[in-house]
There are 2 protein chains.
Amino acid sequence: MADVARRAGVSVATVSKVVNGRYGVAQATIDRVRQVIDQLGYEASLGAQSLRSHRTNVLGILVAEFEPFSTELLKGASHAAEGTEYQLLAWSGGNRGTRVGWERRSLARLSGSIIDGAVLVTPTVVQAPQGFHVVAVDPHAGPTGMPTVDSDNFAGAVLATQHLLSLGHRRIGFLGGRPDLESARLREAGFRHAMSEAGVKVDERFVRVGGYRPETAEGPARELLSRTRRPTAIFAANDLSAIATMEVAFSLGLTVPDDLSIIGFDNVPESALATVPLTTITQPLQRMGYEALRLLIDLIEGVDRDTHVRLPTQLVRRASTRAI
Amino acid sequence: MADVARRAGVSVATVSKVVNGRYGVAQATIDRVRQVIDQLGYEASLGAQSLRSHRTNVLGILVAEFEPFSTELLKGASHAAEGTEYQLLAWSGGNRGTRVGWERRSLARLSGSIIDGAVLVTPTVVQAPQGFHVVAVDPHAGPTGMPTVDSDNFAGAVLATQHLLSLGHRRIGFLGGRPDLESARLREAGFRHAMSEAGVKVDERFVRVGGYRPETAEGPARELLSRTRRPTAIFAANDLSAIATMEVAFSLGLTVPDDLSIIGFDNVPESALATVPLTTITQPLQRMGYEALRLLIDLIEGVDRDTHVRLPTQLVRRASTRAI
DNA sequence: ATCGGTGTCGATAACGTTTGCGAAACGAGC
DNA sequence: GCTCGTTTCGCAAACGTTATCGACACCGAT
């Protein structure tokens, strides 16, 4: 900035004013400074900016891990940042190997300095530092007052279950998600609600807890399918689990959907490409990322708006379910 | 830091020394300061650190877009950062809608201040600012001296072509990638090399340029498959294009692999899940991300080592190719 | 001629760190 | 008791910005 000032024959204060579009500098000076800036390829130092003004126009998005689910959110969020004056920075908490509390530490390091706010896509929600804005996506906790974006997990689960019921299935298995996640809780609740509303009793031996990951789903899926009197349909709490279930079914010599109907949840891109394209409940993941970042920006800019966004879910029929 | 200093009864200078493990502070003082730090949850301000010492221990990885390919790289890179003192920040250049040169600007903004070095996963490679370390993955340019990590695209393409040839195919189509990418160039070169070495003449009408993306692959694929005398096999320059080609084939009433063999390149996770699981050339994407970050760290720390890493490719046979 | 208003600019303090250097304290050796 | 080396610590400057405030020039009106 000192260089720019010297070459343009003005003071650094004036350069700063030009860069930030402040009032009180002559048009001729503005043009001159702008030209020198372009010529030198000058970019303001984020560090110094943050240090002085506590404002950087950089936002963060923290994901637990880079995988399809969060990638879709990232895509949506980065799309929302486009065209605005904000830049988006993503980082992951490293693997779950690291000790608990990493979200807080990881956030503290950046929040104090470099970023003006953050979207959290992490299993456990974390207290935001003072004067720092946070939006949680699909958060762990119940209503804490923290701004959130999620999809209607309960209604989606009802949708999925009703779909299986309408196809004539009665012996329906449920493969749950991470028990500490609100979304997993709601999906199971939706399943039970739809069952009881249809007057079908839930066979508790058909309910297993997974963990949203292929590795944690395979075991429970195998249990479910190995019993002599096995379910005719399985509702898996997310697509990755559903696909894992499908593979277990294949390995047991079952065909899908003839021997077993499977329905998932999430509609990640992979599910459409599965060996048997997966019937599932779609969450508008990209849109959730988009909305989360919009909400964050509005929060920072002091816009008065609803701080809870719930997006609708929808059934997408593909080939993995059929009438009994 | 001032708070910490006050509560510990020392000066800020001493706190700084404790945090950075500098020599010259008594063990008793260290313990006292550490305790206060934990108690207050103090984290140093990145901005101030960067401003003063030009060193933050934060590394960046810039991807053109968040999609499966870069997600795998991100996963590998973040894995490499784990356990080190470095933290990894990812960001994308927004969509290709933005004007050219965004890599340079985007990089300049962060490189000057917040990050010590960066891994670039972008189509066009960009000149690194002075004293700033950069590693390019699968870069555009030829050998520019810039440190790079890539896979052996040429050998991989030869592998793919030989596979098709060994299955008896002679009328082989080639669906290229983005012409401005080195990897795309090398894959076509490998294809041609393997063909000529086998004494098979390349039918230029069977060679089409795509663009690595499903949208840009569909048109050329349709051209290739709509001719009356169509190829019996297609080598697509990446998996996304191969999958798109597969879908075009289906829409034309062709079955894979009976009517048409298809082989891809990359082995993204989706390819194993394709309607007909895709035979492809695997690049160790996660490992490439891992190696790129390791290389970057070594560069920063002044380790004397080879600055070009080339990883092997391998044929993975799945169901989308068969003997003629 | 004086005055007030307006438009334009620069000097300067502050943000939270790191680091070189000097000061103080302490113990050992004579 | 004095010197000298060693250990431990704090002072203060610097990093690149931004914001406040005062200086100055110019103009029109009195």
Side-chain angles (χ1 to χ4, degrees), chain A residues 1-34 36-37 40-58 85 87 108-116 129-132, chain B residues 1-34 36-37 40-58 85 87 108-116 129-132:
Chain A
M1 183 176 256
D3 279 354
V4 175
R6 203 173 317 116
R7 295 222 200 184
V10 295
S11 75
V12 291
T14 304
V15 176
S16 172
K17 283 173 195 161
V18 170
V19 176
N20 295 40
R22 293 268 176 282
Y23 172 79
V25 29
Q27 189 59 47
T29 314
I30 294 184
D31 294 342
R32 194 151 31 95
V33 172
R34 282 256 166 75
V36 178
I37 287 181
L40 296 190
Y42 162 80
E43 287 279 342
S45 155
L46 259 189
Q49 270 182 340
S50 129
L51 188 55
R52 171 63 220 227
S53 63
H54 297 287
R55 187 77 198 277
T56 57
N57 283 354
V58 176
E85 50 183 348
Q87 162 136 30
R109 177 123 166 100
L110 295 185
S111 66
S113 359
I114 249 22
I115 59 180
D116 294 342
Q130 270 291 18
F132 181 75
Chain B
M1 183 175 255
D3 279 355
V4 175
R6 203 173 319 115
R7 296 222 201 185
V10 294
S11 75
V12 292
T14 304
V15 176
S16 172
K17 284 171 193 162
V18 171
V19 176
N20 296 41
R22 292 269 175 283
Y23 173 80
V25 30
Q27 188 58 47
T29 314
I30 294 183
D31 294 341
R32 194 151 31 91
V33 172
R34 281 255 165 75
V36 178
I37 287 180
L40 296 190
Y42 162 80
E43 287 279 342
S45 155
L46 259 189
Q49 268 181 342
S50 128
L51 188 54
R52 171 62 220 227
S53 64
H54 297 286
R55 186 78 198 278
T56 57
N57 282 353
V58 176
E85 51 183 347
Q87 163 136 29
R109 178 124 166 98
L110 295 185
S111 66
S113 0
I114 250 21
I115 58 180
D116 294 341
Q130 270 293 18
F132 182 75

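These figures come from a predicted structure and were not determined experimentally. Throughout, a chain's letter reflects where its sequence line sits, starting with A, and its residues are numbered from 1.
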Worksheet item: On DNA chain D, nearest-nucleotide positions of Thr14(B) versus Val12(A): which is more 5'?
Response: Thr14(B)
Practice prompt. Hey, which sits more toward the 5' end of DNA chain D by its nearest nucleotide, Gly9(B) or Ser53(B)?
Written response: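 The residue mapped nearer the 5' terminus is Gly9(B).
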Distance, rounded to the nearest Å, where [X] contributes [atom1] and [N] contributes [atom2]:
X	N	atom1	atom2	result
Arg109(A)	dG16(C)	CZ	P	16 Å
Arg6(A)	dG16(D)	CZ	P	11 Å
Arg55(B)	dT17(C)	CZ	P	18 Å
Leu46(B)	dC15(D)	CG	C1'	15 Å
Leu51(B)	dT18(D)	CG	P	12 Å
Ile37(A)	dT17(D)	CD1	C1'	13 Å
Met1(A)	dC15(D)	CE	P	15 Å
Asp3(B)	dT17(C)	CG	P	10 Å

Check this one for me: any side-chain N or O of [X] less than 4.0 Å away from OP1 or OP2 of [N]?
X	N	result
Arg22(B)	dT18(C)	no
Ser16(A)	dT18(D)	yes
Tyr23(B)	dT7(D)	yes

Given [options], which nucleotide is nearest the side-chain atoms of [X]?
X	options	result
Lys17(B)	dT18(D), dC9(C), dG20(C)	dG20(C)
Thr29(A)	dT18(D), dC9(C), dC9(D)	dC9(C)
Ser11(A)	dG16(C), dG10(C), dG10(D)	dG10(C)
Arg52(A)	dC9(C), dC15(D), dC15(C)	dC15(C)
Gln49(A)	dG10(C), dC15(C), dT17(D)	dT17(D)

Got [X] and [Y] here, is their nearest side-chain heavy-atom distance under 4.5 Å?
X	Y	answer
Thr56(A)	Gln87(A)	no
Met1(B)	Ser16(B)	yes
Asp116(A)	Arg55(A)	yes

Fill in: Under 3.5 Å: donor-acceptor pair, side chain of Ser50(A), backbone of Gly47(B)
no
Worksheet item: So which one's nearest nucleotide on DNA chain C is more toward 5', Ala48(A) or Ala13(B)?
Response: Ala48(A)
Worksheet item: DNA chain C: Gly24(A) or Val15(B), which has the more 5' nearest nucleotide?
Response: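 The answer here is Gly24(A).
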Practice prompt. Pick base, sugar-phosphate or nothing for Val10(B), based on heavy-atom distances below 4.0 Å to the nucleic acid.
Written response: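 Here Val10(B) touches the backbone only, sparing every base.
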Worksheet item: How long is the span from the OG atom in Ser45(A) to the CG atom in Leu110(B), to the nearest 0.5 Å?
Response: 10.5 Å
Practice prompt. Apply the test salt bridge (Lys or Arg N to Asp or Glu O under 4.0 Å) to residues Arg6(A) and Asp3(A): give CA-CA distance (whole Å), side-chain angles for both, the deciding distance (0.1 Å), then the verdict.
Written response: CA-CA 5 Å; Arg6(A) 203 173 317 116; Asp3(A) 279 354; 3.3 Å; yes
